[in-house]
Amino acid sequence: ITEDVVGYEARAYALATEPDALREVREKLARNRLEAPLFDTARTVRHLERAYEMMWERHRRGEPPESFRVRAG
């Protein structure tokens with residue numbers, strides 16, 4: 001994650017030219033794939049489906065769009 005295009009380019013260059021930095025990123029991703037909610041596809045699908053249901057319920061009640069959170073579970 002970077003703040004701007006210049007930072008993105010610098011990070012991309014560093015990963016392309018510094019094998020140790022690239023290895024660290026790959027190892028971190030491999031660890032996170034087993035633990036982080038981002039990689040839990042079934043959970044993500046459940047939450048996304050629930051969000052769609054909540055939006056549809058609001059629409060059927062004639063309520064305007066509104067920010068909301070899908071509770072974990």
- Message: Whether Glu53 and Arg50 form a salt bridge (side-chain N of Lys/Arg under 4.0 Å from carboxylate O of Asp/Glu) is what I want to check.
- Response: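 Salt bridge: yes.
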- Item | Salt bridge Glu27-Arg23, side-chain N to carboxylate O under 4.0 Å | yes
- Hey, is the main chain of Phe39 close enough, under 3.5 Å, to the side chain of Arg33 for a donor-acceptor pair?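 No.
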- Message: Do Tyr8 and Leu15 sit in one hydrophobic cluster, given that two such residues count as connected whenever their side-chain heavy atoms are within less than 4.5 Å of each other, even indirectly?
- Response: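 Looking at the clustering, Leu15 is in a separate group from Tyr8.
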- Consider only side-chain heavy atoms of I, L, V, M, F, W and Y, link residues closer than 4.5 Å, and tell whether Val25 and Leu38 are in one cluster. yes
Decide if atom [atom1] of [X] counts as having more than 12 heavy atoms of other residues, nucleotides or ligands within a radius under 6.0 Å.
X	atom1	result
Phe68	CZ	yes
Arg26	CZ	no
Glu3	CD	no
Arg61	CZ	yes

Can you tell me how far [atom2] of [Y] sits from [atom1] of [X], rounded to the nearest 0.5 angstrom?
X	Y	atom1	atom2	value
Glu18	Arg11	CD	CZ	8.5 Å
His47	Met54	NE2	CE	11.0 Å
Glu57	Glu63	CD	CD	9.5 Å

- Query: What are the two closest non-hydrogen atoms of Pro37 and Arg43, and how far apart are they?
  - Reply: CB-NH1, 2.9 Å
- Measure the shortest side-chain to side-chain distance between Arg58 and Pro64 over non-hydrogen atoms and say whether it is less than 4.5 angstrom.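 Yes, at least one pair of side-chain atoms sits under 4.5 Å.
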